[in-house]
Amino acid sequence: MIVRALTYFGLVFSLGFVLGTARVLWLVPRMGERFAELIEIPFMVAGSFLTARWCVQRYPSRDRSEHLRSGLLALAVLLLFELAVVGLFRGLTMSDYLAGRDPVAGSAYVASLIAFGLMPWAV
């Protein structure tokens with residue numbers, strides 16, 4: 001379960017790093033933060049789906065609840081990484097970070113995080 005969770009996290013995090021870099025460098029200057037994030041989110045959800053499906057096939061389990069636990073563990077690791085990036089690299093407190101989020105894109109982001117955590121179970 002732990003290997004599945006860390007593999008799932010690592011692959012989706014890598015995709016997010018690549019897409020996030022492209023978003024910041026090319027989309028944000030052209031269309032703004034909100035629309036750039038809203039364009040990126042469907043690609044991240046699709047990547048989460050494909051990665052979760054691959055991980056579930058690669059690391060099968062007879063108990064579907066184990067897939068749920070691995071998705072939630074991957075989500076916990078992702079949130080820890082997000083907290084580290086916000087705190088250490090950007091120098092923001094969590095309240096500053098949340099206050100600076102766009103309400104529309106931020107809500108879509110939270111929904112995508114929930115989808116990420118449930119995806120191994122759902123596929």
Side-chain angles (χ1 to χ4, degrees):
M1 177 191 81
I2 292 173
V3 171
R4 183 188 314 110
L6 293 178
T7 301
Y8 177 53
F9 156 76
L11 291 172
V12 175
F13 183 80
S14 298
L15 173 65
F17 184 81
V18 170
L19 291 178
T21 300
R23 172 179 48 87
V24 169
L25 293 177
W26 295 305
L27 293 179
V28 170
R30 289 170 176 76
M31 56 187 54
E33 189 73 32
R34 174 186 284 182
F35 291 112
E37 286 185 26
L38 291 174
I39 288 170
E40 179 187 13
I41 287 172
F43 290 100
M44 287 302 302
V45 171
S48 295
F49 171 78
L50 294 172
T51 304
R53 187 172 65 180
W54 181 82
C55 285
V56 165
Q57 290 170 352
R58 176 80 168 93
Y59 306 104
S61 172
R62 288 181 282 168
D63 183 9
R64 282 190 66 214
S65 68
E66 188 175 307
H67 295 300
L68 176 61
R69 288 192 301 275
S70 63
L72 295 177
L73 177 58
L75 176 60
V77 173
L78 180 67
L79 292 174
L80 286 174
F81 266 72
E82 178 117 4
L83 290 171
V85 168
V86 166
L88 297 175
F89 299 115
R90 293 180 64 190
L92 298 174
T93 66
M94 186 49 68
S95 59
D96 291 339
Y97 174 68
L98 292 174
R101 296 286 310 206
D102 177 80
V104 174
S107 298
Y109 177 67
V110 169
S112 73
L113 287 177
I114 293 168
F116 170 78
L118 296 176
M119 201 69 72
W121 172 79
V123 299

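Fair warning: this is a prediction, and the values are worked out from it, not measured in the lab.
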*Asks:* By side chain to side chain contact (heavy atoms under 4.5 Å, CB included), which residues pair with Ala115, not counting sequence neighbours?
*Replies:* Met119
*Asks:* Could you name each residue pair satisfying ring-ring contact (aromatic ring centres under 6.0 Å, His included) that touches residues 65-84, not counting sequence neighbours?
*Replies:* Phe9-Phe81, Phe13-Phe81
*Asks:* Under 4.5 Å between side-chain heavy atoms, counting indirect links through other Ile/Leu/Val/Met/Phe/Trp/Tyr residues: same cluster for Leu27 and Val18 or not?
*Replies:* no
*Asks:* Just verifying a value: how many Å separate Leu72 CG and Leu118 CG, rounded to the nearest 0.5 Å?
*Replies:* 6.5 Å
*Asks:* Restricting to pairs with a member in residues 102-123, which pass ring-ring contact (aromatic ring centres under 6.0 Å, His included), not counting sequence neighbours?
*Replies:* Tyr8-Phe116
*Asks:* Hydrophobic cluster mates of Val24, side-chain heavy atoms under 4.5 angstrom, ILVMFWY only, any path?
*Replies:* none
*Asks:* Please list every donor-acceptor pair under 3.5 Å in which a side-chain atom of residues 94-104 meets a protein atom from a residue at least two apart or in another chain.
*Replies:*
from	atom 1	to	atom 2	distance (Å)
Ser95	OG	Thr93	OG1	3.2
Asp96	OD2	Thr93	OG1	3.1
Tyr97	OH	Glu82	OE2	2.4
Tyr97	OH	Arg101	NH1	2.8
Arg101	NH2	Glu37	OE1	3.0
Asp102	OD1	Arg34	NE	3.0
Asp102	OD1	Arg34	NH2	3.0
Asp102	OD2	Arg34	NE	2.9
Asp102	OD2	Val104	N	3.0
Asp102	OD2	Ala105	N	2.8

*Asks:* Does Arg69 have any side chain to side chain donor-acceptor pair (under 3.5 Å) partners at least two apart in sequence or in another chain, and if so, which?
*Replies:* Ser65
*Asks:* Please check if Val110 and Val77 belong to a single hydrophobic cluster, counting links between Ile, Leu, Val, Met, Phe, Trp and Tyr side chain heavy atoms closer than 4.5 Å.
*Replies:* no
*Asks:* Could you state the interatomic distance from CG (Leu83) to CG (Leu79), rounded to the nearest 0.5 Å?
*Replies:* 6.5 Å
*Asks:* Would you list the pairs meeting ring-ring contact (aromatic ring centres under 6.0 Å, His included) in which at least one residue belongs to residues 28-61, sequence neighbours left out?
*Replies:* none
*Asks:* Give every residue pair that meets the salt bridge (charged side-chain N to carboxylate O under 4.0 Å, His left out) criterion with at least one member in residues 3-26, sequence neighbours excluded.
*Replies:* Arg4-Glu66, Arg23-Glu33, Arg23-Glu40
*Asks:* Is it the case that over 12 heavy atoms from other parts of the model lie below 6.0 angstrom from the CD1 atom of Ile2?
*Replies:* no
*Asks:* So, do Leu78 and Val12 sit near enough that their side-chain heavy atoms are less than 4.5 Å apart?
*Replies:* no
*Asks:* What are the two closest heavy atoms between Gly117 and Leu75, and how far apart are they?
*Replies:* CA-CB, 4.1 Å
*Asks:* Let me check something: do Leu38 and Val45 share a hydrophobic cluster, defined by ILVMFWY side-chain heavy atoms less than 4.5 Å apart, either directly or through other members?
*Replies:* no
*Asks:* Check the surroundings of atom CZ in Arg58: do more than 12 heavy atoms from other residues, nucleotides or ligands lie under 6.0 Å from it?
*Replies:* no
*Asks:* Below 4.5 Å, heavy atoms only, C-beta onward: do Gln57 and Val123 meet side chain to side chain?
*Replies:* no
*Asks:* Can you list the residues that meet the side chain to side chain donor-acceptor pair (under 3.5 Å) rule with Ser107, with sequence neighbours excluded?
*Replies:* none
*Asks:* Return the CG to CG distance between Asp63 and Leu68, rounded to the nearest 0.5 Å.
*Replies:* 10.0 Å
*Asks:* For the hydrophobic clusters of this structure (ILVMFWY residues joined by side-chain heavy atoms under 4.5 Å, transitively), does one cluster hold both Leu73 and Leu11?
*Replies:* no
*Asks:* Salt bridge (charged side-chain N to carboxylate O under 4.0 Å, His left out): which pairs involve residues 104-121, sequence neighbours left out?
*Replies:* none
*Asks:* Quick one: closest heavy-atom pair of Ala108 and Ile41, and the distance?
*Replies:* CB-CD1, 3.6 Å
*Asks:* Tell me the closest heavy-atom pair linking Ala5 and Ser70, and the distance in Å.
*Replies:* CB-O, 3.2 Å
*Asks:* Please list, chain by chain and in numerical order, all residues satisfying side chain to side chain donor-acceptor pair (under 3.5 Å) with Ser48, sequence neighbours excluded.
*Replies:* none
*Asks:* Between Val56 and Pro120, what is the shortest heavy-atom contact and its length?
*Replies:* CG2-O, 3.4 Å
*Asks:* How close do Leu19 and Met44 get, heavy atom to heavy atom, and via which atoms?
*Replies:* CD1-SD, 3.6 Å
*Asks:* So which residues get pulled into Leu25's cluster when ILVMFWY side chains under 4.5 Å apart are joined, directly or through others?
*Replies:* Trp26
